[in-house]
Protein chains: 2
Amino acid sequence: MQEKTKNSLIHFDVNNFVSGQSVDCVIFGFENGELKILALKWKVPGEFWALPGGFVFKDEDLDKAAIRVLKERTGIDIPFLEQFKTFGKVDRRDNDILVKNLKSIEVNKKMVDWFGNRFISTGYLSLVDIRKCSLTADLSSEAIEWFNLEDLPDLIYDHKEMVKTALKYVQNQINYLPIGLNLLPEKFTMKELQMLYESILGRKLDRGNFQRKMLKLEIFIRHEKQLEGGAHKAPYLYSFDKEKYQELLDKAIGFVS
Amino acid sequence: MQEKTKNSLIHFDVNNFVSGQSVDCVIFGFENGELKILALKWKVPGEFWALPGGFVFKDEDLDKAAIRVLKERTGIDIPFLEQFKTFGKVDRRDNDILVKNLKSIEVNKKMVDWFGNRFISTGYLSLVDIRKCSLTADLSSEAIEWFNLEDLPDLIYDHKEMVKTALKYVQNQINYLPIGLNLLPEKFTMKELQMLYESILGRKLDRGNFQRKMLKLEIFIRHEKQLEGGAHKAPYLYSFDKEKYQELLDKAIGFVS
DNA sequence: ACAAAAGTGTTTATAATACACCCATGA
DNA sequence: TCATGGGTGTATTATAAACACTTTTGT
């Protein structure tokens with residue numbers, strides 16, 4: 001894009017956007033048995049981390065805006081994000097940080113007005129396989145990084161609250177919806193799936209019971225054993241039977257209604 | 001706030017509002033064993049029914065706006081509404097209806113622009129006791145009415161979808177949260193509570209099992225028998241033990257997290 | 001042979017479901 | 001007294017939870 005300037009914020013035309021409305025994305029990733037969250041570092045002096053977020057075009061569906069914004073800001077290209085809550089407190093944006101940000105870029109009057117506005121932000125979430133994501137921070141970001149839940153840095157505005165809410169949302173969903181299709185590699189062990197569940201729920205589960213409960217769902221295909229491994233019995237490899245997985249999703253959603 | 005902006009569409013000053021953002025309320029009521037929904041009829045030629053909705057003041061939290069809008073448009077004064085989803089499709093508002101509405105009022109340029117805008121609307125819901133509600137339609141409404149779910153008339157825009165989504169939301173919640181405190185009269189029979197559940201879930205439940213399941217929650221106070229009644233054994237009257245009810249609410253919410 | 005982790009089985013407790021029985025009441 | 005609906009009991013099945021036993025594998 002525009003190479004001559006260091007910050008892409010300067011170039012966008014506020015007239016193209018719905019004023020006062022933004023979207024923010026909570027992206028959960030899973031790797032090495034750990035649940036992680038994606039954050040961007042602002043290109044301003046100081047340590048300002050934020051969720052990937054952005055604005056909504058006037059002729060764009062809100063859901064579509066979330067997908068586009070995520071793609072633009074992180075490089076992650078996924079066809080669906082789940083809306084989980086809209087954040088509408090008047091003072092949800094911290095003015096000090098805002099001013100700092102504005103000063104760091106070549107502001108014009110219109111931009112100041114735009115950023116000075118009160119914004120209502122709709123939160124979207126998704127769970128992704130970290131290894132399938134090639135991250136590309138956009139021009140307004142200095143860094144992009146996966147953080148473990150426990151050592152997530154301070155986030156600007158109410159973004160920390162967004163993360164908490166998103167996590168609760170997923171924890172709740174996990175009770176009646178299958179999970180893992182886009183989070184785990186094609187083939188995985190039951191141990192890996194269990195670690196995913198444990199990292200989302202934040203507690204240990206019984207190995208035997210977990211295995212039986214999962215297999216009873218009948219959404220798995222069992223493959224040959226994996227050869228590599230430690231000094232122990234080699235575990236089976238599974239993959240999702242995508243048809244049955246989708247059926248279960250549909251059934252569960254239908255059941256709720 | 002602004003006194004004269006209070007009720008009528010003609011008088012309100014669009015400058016006071018966040019542009020492009022609205023709230024709509026799905027209010028469920030319960031009476032005579034039937035679940036009902038509140039709708040307003042627009043003061044325009046034709047039959048245009050809509051959910052009670054409105055706009056958000058620039059210095060007002062989104063949650064607060066929903067409470068105020070409901071009060072202004074229906075007279076219902078409740079301290080809390082539950083946000084369930086934000087509707088952000090570009091074409092969610094039907095332009096024909098919109099134009100009809102604009103023509104029926106004394107439009108000025110600013111108003112036309114305002115209503116011509118694309119609006120993103122956040123849906124809020126609540127469950128209320130119909131007998132405790134004294135309804136007062138606002139000046140922009142010709143009528144206000146409770147409708148049975150089955151004979152709900154056509155609603156404008158995407159309001160029918162909002163109702164469906166809200167209902168699913170409540171059906172889902174009922175599985176892990178107690179319900180009924182603000183929906184039933186102070187004293188009620190188990191039969192009445194069961195009818196409430198059945199009307200929300202849309203299916204019959206077993207009488208004996210329902211009773212036992214409820215009583216095991218230990219959130220009820222059992223009173224003396226009701227004297228009136230048909231040719232049968234008089235049922236017990238119950239009321240909610242509000243402390244324990246709240247405890248259960250908190251516990252369930254805490255459990256999800 | 002042994003430790004480690006996988007696979008599977010057993011036991012117990014709890015919850016869901018279906019339905020049966022008796023009781024109180026007004027007509 | 002009898003039909004009606006209310007309160008309660010029981011038997012069956014399903015699910016959850018805790019934990020034990022056996023198997024495979026590399027060292």
Side-chain angles (χ1 to χ4, degrees), chain A residues 32-33 171-172 174-178 180 184-185 187-239 248 251-252 255-256, chain B residues 32-33 171-172 174-179 184-185 187-239 248 251-252 255-256:
Chain A
N32 301 327
Q171 286 172 340
N172 186 37
I174 217 176
N175 290 318
Y176 56 93
L177 290 181
L184 294 172
K187 294 184 182 183
F188 51 88
T189 63
M190 270 298 147
K191 169 104 190 196
E192 286 175 299
L193 186 62
Q194 185 178 340
M195 284 171 85
L196 170 58
Y197 271 74
E198 288 177 340
S199 65
I200 288 173
L201 292 173
R203 62 188 166 93
K204 291 284 162 199
L205 301 171
D206 182 276
R207 190 173 55 87
N209 295 334
F210 179 82
Q211 181 133 237
R212 229 172 308 112
K213 197 167 161 181
M214 284 298 125
L215 292 178
K216 201 162 46 176
L217 295 176
E218 298 189 321
I219 56 173
F220 299 95
I221 299 165
R222 184 149 112 173
H223 301 274
E224 294 315 302
K225 296 188 174 198
Q226 70 179 162
L227 304 175
E228 308 285 311
H232 55 77
K233 189 173 179 176
Y236 286 110
L237 281 172
Y238 294 88
S239 57
L248 187 60
K251 208 175 74 183
F255 179 69
V256 173
Chain B
N32 301 329
Q171 286 172 340
N172 187 34
I174 217 176
N175 291 319
Y176 57 93
L177 289 182
I179 208 169
L184 295 171
K187 294 183 181 182
F188 52 88
T189 64
M190 270 300 145
K191 170 104 190 195
E192 288 176 299
L193 185 62
Q194 186 178 339
M195 284 171 86
L196 170 60
Y197 271 73
E198 288 178 340
S199 66
I200 288 173
L201 292 173
R203 63 189 166 93
K204 291 283 164 201
L205 302 171
D206 182 275
R207 189 172 55 86
N209 295 334
F210 180 80
Q211 181 133 238
R212 229 171 309 110
K213 196 167 160 180
M214 284 299 125
L215 292 179
K216 201 162 46 173
L217 295 176
E218 300 189 321
I219 55 173
F220 299 95
I221 298 165
R222 185 148 114 174
H223 301 274
E224 294 316 301
K225 296 186 175 201
Q226 72 179 160
L227 304 175
E228 308 286 309
H232 55 75
K233 187 170 177 178
Y236 287 110
L237 280 172
Y238 294 89
S239 58
L248 188 60
K251 207 174 73 181
F255 180 68
V256 172

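Quick note: numbers below take in every heavy atom, side chains included, and nothing from hydrogens, waters or symmetry partners. Chain letters run A, B, ... following the sequence lines, proteins first, then strands; residues in each count from 1.
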So, for B/Leu177 and B/Ala252, which heavy atoms are closest and what is the spacing to 0.1 Å? CD2-CB, 3.3 Å
For nucleotides 15-17 of chain D, give me every protein contact, N/O to N/O, under 3.5 Å, one pair per line with atom names.
unit_1, atom_1, unit_2, atom_2, d
D/dA17, N7, A/Asn209, OD1, 3.4
D/dA17, N7, A/Asn209, ND2, 3.3

What is the distance, rounded to the nearest whole Å, between atom CG of B/Leu237 and atom C1' of D/dG7? 14 Å
What integer distance in Å separates A/Glu224:CD from C/dA6:C1'? 16 Å
Correct closest heavy-atom pair for B/Phe210 and B/Leu205 would be CD1-CD1, 3.8 Å
Quick one: B/Arg222 CZ to D/dG6 C1', roughly how many Å, whole number? 11 Å
Can you tell me the distance, in whole Å, between the CE atom of A/Met214 and the C1' atom of C/dG7? 17 Å
Distance, rounded to the nearest Å, where B/Tyr238 contributes OH and D/dG6 contributes P: 12 Å
Non-hydrogen side-chain atoms of B/Ser239 and B/His223 separated by less than 4.5 Å: yes
Hey, does the side chain of B/Gln211 come within less than 4.0 Å of D/dG6's phosphate (OP1/OP2), counting only N and O? no
Any N or O donor-acceptor pair linking the side chain of A/Arg207 to the base of C/dG7 at under 3.5 Å? yes
If you compare all heavy atoms of A/Asn209 against all heavy atoms of A/Asp206, which two are closest, and at what distance to 0.1 Å? N-OD1, 2.9 Å
Heavy-atom pair with the smallest gap, counting every atom of A/Gly33 and A/Ser199: O-CB, 4.2 Å
Test item: B/Glu192 side-chain N/O and B/Thr189 main-chain N/O as donor-acceptor pair under 3.5 Å: yes
Take the protein atom NE2 of A/His232 and the nucleotide atom P of D/dT27, then report the distance between them rounded to whole Å. 11 Å
With the side chain of B/Lys233 defined as its heavy atoms from C-beta on, choose the nearest nucleotide among C/dA6, C/dG7, D/dG6. D/dG6
In whole angstrom, what separates B/Arg203's CZ from C/dA16's P? 12 Å
Separation of A/Phe210 atom CZ from D/dA18 atom P, in whole Å? 16 Å
What are the two closest non-hydrogen atoms of A/Tyr238 and A/Gln211, and how far apart are they? OH-OE1, 4.1 Å
Going by heavy atoms closer than 4.0 Å, what residues in residues 193-200 of chain B are next to DNA chain D? none
All N/O donor-acceptor pairs, side-chain side in residues 212-222 of chain A, below 3.5 Å, sequence neighbours left out:
unit_1, atom_1, unit_2, atom_2, d
A/Arg222, NH2, A/Tyr236, OH, 3.0

By the definition salt bridge (charged side-chain N to carboxylate O under 4.0 Å, His left out), identify the one residue from B/Lys191, B/Arg203, B/Lys204 that meets it with B/Glu198. B/Lys204
